[in-house]
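Predicted model only: the values in this text are computed from it and were never measured. We count ligands from 1, going down the list as the structure has it; atoms in each ligand are counted the same way.
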Amino acid sequence: MAEIRLVEVTKRFGSNTAVDRINLTAQEKEFLVLVGPSGCGKTTTLRMIAGLEETTEGEVYIGNRMVNNVPPKDRDIAMVFQNYALYPHMSVYKNLAFGLKQRKFPRSEINLRVTEVAHMLGIKELLKRKPKELSGGQRQRVAMGRAIVRKPEVFLFDEPLSNLDAKLRVQMRGELGKLHRQLETTIVYVTHDQIEAMTLADRIVVMHNGIIMQSGAPMDVYNNPKNLFVAGFIGSPAMNFFDVRITAEKGTLRVNGDNFQLTIPAGLQDRFLQAKDRELVLGIRPEHIYDRSIKGSFAGGEPLKATVEVVEPIGSQVILLASCGSENLTACVDPQTRAKPNAAIEFLVDTNHLHLFDKQTEKAY
Ligand SMILES: Nc1ncnc2c1ncn2[C@@H]1O[C@H](COP(=O)(O)OP(=O)(O)O)[C@@H](O)[C@H]1O
Ligand SMILES: [Mg+2]
C-alpha cells in the first residue's frame, strides 16, 4: 500500500508559515502534481513526505502507517531533485548501482536492475561514461534511474526538469508519463510550471502561500477554477480579468464592464444571478475570444470592441494583446487574422465559458 496522506500538516520556520494546515492524499499509483508559484511551500511539503523535514503540526501517513517518527531511509521513498548531483568520478553504471550496493544487494541483482532501468530510460549505451561526458538530459535520466533501481513504492520529484532546455523538457515530460505507466507507483511531483502540471498529472493540487487553493483533475481545474488565484495561475496565456457588475433587465442578465456589455447565456443565468449587486471580476480565457472578421470563425458569442496593441504569431495561433478602454486583454486567435497594431478589432467572446468571481472573497460563482 503506497497511498500518501497528509492530515492538517503545518510547517513553520520561525514566524514564517511555509505550509498551512494542508490535507492531501495521493492515492496508490496516482501521479499527483503540486503546482504553484515559487515560495508557496511545494518543496517543504515534499520534504515532509520524505522525512527530510519535520512537521510542526499534523500527521504524515504512508499506506496505513503514520511516519512522523520514521527516518527517511525507512520510508521506502525515492526523491529526485532539481539539482541532482551524480557522483562525478563514477561511471553511469556505478552511479546507478551505488544505492543498491550500499544496501548490500547481491551483485547479480544489481546488474539485473541496472540493466533493466538503463533499458527503460534509453541510456544503455552510456553505462561506461562519466557524468561529465553526458548531456543535461542524459544526466537527468541517470538521476532518475538512480531512484528507479531501488524500486520504491513512492517517488517524489522536485522540479526535475527545470534545468533542461525547452525542447528536452517536452521530451522528458512525455517520458515521465510513460515511466509512470510502466512503474505503476505513486508519484508526487512538484513544479511551478502549470503546463508540466497539466500534462503529467492525474490530479493537480494548486498551492499558494502554503495553502491548497484547489485540487482536481487538470481539465476540471482548468474549466472550473474555484477562485481568482487558480483562474489566473492555470492556463496559458493567463485568463483575462475585468471589473464588472451584473444587471438584470426584463429577464435578461448582462455583465457590464467599463467598456463593454455581454449578455449572459441561459445556461449561466441561474448561477450568475446570485452575483447581482456584488462587485465582481469577470474572467475570460484568451482562447475563448475570437477574431470576428475571420470567415468560418466562431459564430455565437457576443461582440467586444478593442484596439490591437501587439500581434504575436506563434505558428498554430496568433496571440493578440489588445486594449479595451483602460483595460488590457489577451486573445489567442486563428493565424488567418489580419489584426494590425493600433487598429480597431471586433472580437467575439464565447460567453458560455465566462467565469465570474466575487471581488472581495475571490471565490467563483
Ligand atoms: N529551511 C528553511 N528555513 C527557513 N525558511 C524556509 C526554509 N525552507 C523553506 N523556507 C521558506 O518556506 C517557504 C516555502 O518554501 P518552499 O517550500 O521552498 O517553496 P517552493 O518549493 O514552493 O518554492 C518560503 O517562504 C521559504 O522561504
Ligand atoms: Mg521548491
Legend entry - Pair Tyr290, Asp350: side-chain N/O donor-acceptor within cut-off below 3.5 Å: no
Inset, instruction - Tell me which protein heavy atom sits closest to atom 11 (C) of ligand 1, plus the residue, atom name and distance to 0.1 Å. - result: Asn16 ND2, 3.7 Å
Inset, instruction - Kindly assign one of parallel, tilted or perpendicular to the pair Phe242 and Phe260, based on the angle between their ring planes and the thresholds 30° and 60°. - result: perpendicular
Inset, instruction - Provide, to 0.1 Å, the distance between atom 19 (O) of ligand 1 and the closest protein heavy atom, together with that atom's residue and name. - result: Gly41 N, 3.3 Å
Legend entry - Atom indices of ligand 1, in the order listed, that fall short of 4.0 Å to a heavy atom of Ala18: 12 (O), 13 (C), 14 (C)
Inset, instruction - For the residue pair His180 and Phe31, categorise the inter-ring angle as parallel (less than 30°), tilted (30 to 60°) or perpendicular (more than 60°). - result: perpendicular
Inset, instruction - Could you find the nearest protein heavy atom to atom 1 (N) of ligand 1 and give me its residue, atom name and distance? - result: Phe13 CE2, 3.5 Å
Inset, instruction - Determine whether the side chains of Glu8 and Asn23 contain a donor N or O and an acceptor N or O closer than 3.5 Å. - result: yes
Legend entry - Whether Phe157 and Tyr189 hold their rings parallel, tilted or perpendicular, with breakpoints at 30° and 60°: tilted
Legend entry - Nearest non-hydrogen protein atom, atom 23 (O) of ligand 1: Gly39 N, 2.6 Å
Legend entry - Top protein contact for atom 16 (P) of ligand 1, by heavy-atom distance: Thr44 OG1, 3.6 Å
Legend entry - Cationic N near anionic O, under 4.0 Å, Glu57 to Arg12: yes
Inset, instruction - Can you pull out the closest protein heavy atom to atom 18 (O) of ligand 1? Residue, atom name and distance to 0.1 Å, please. - result: Thr43 CB, 3.7 Å
Inset, instruction - Return the option from Lys42, His192, Glu159 holding the heavy atom at the smallest distance from atom 22 (O) of ligand 1. - result: Lys42
Inset, instruction - Measure from the Mg ion (ligand 2) to each N, O or S atom of Thr43 and report whether any distance is below 2.8 Å. - result: yes
Inset, instruction - Treat each ILVMFWY residue as a node, draw an edge where side-chain heavy atoms are under 4.5 Å apart, and state whether Met120 and Leu161 are in one component. - result: yes
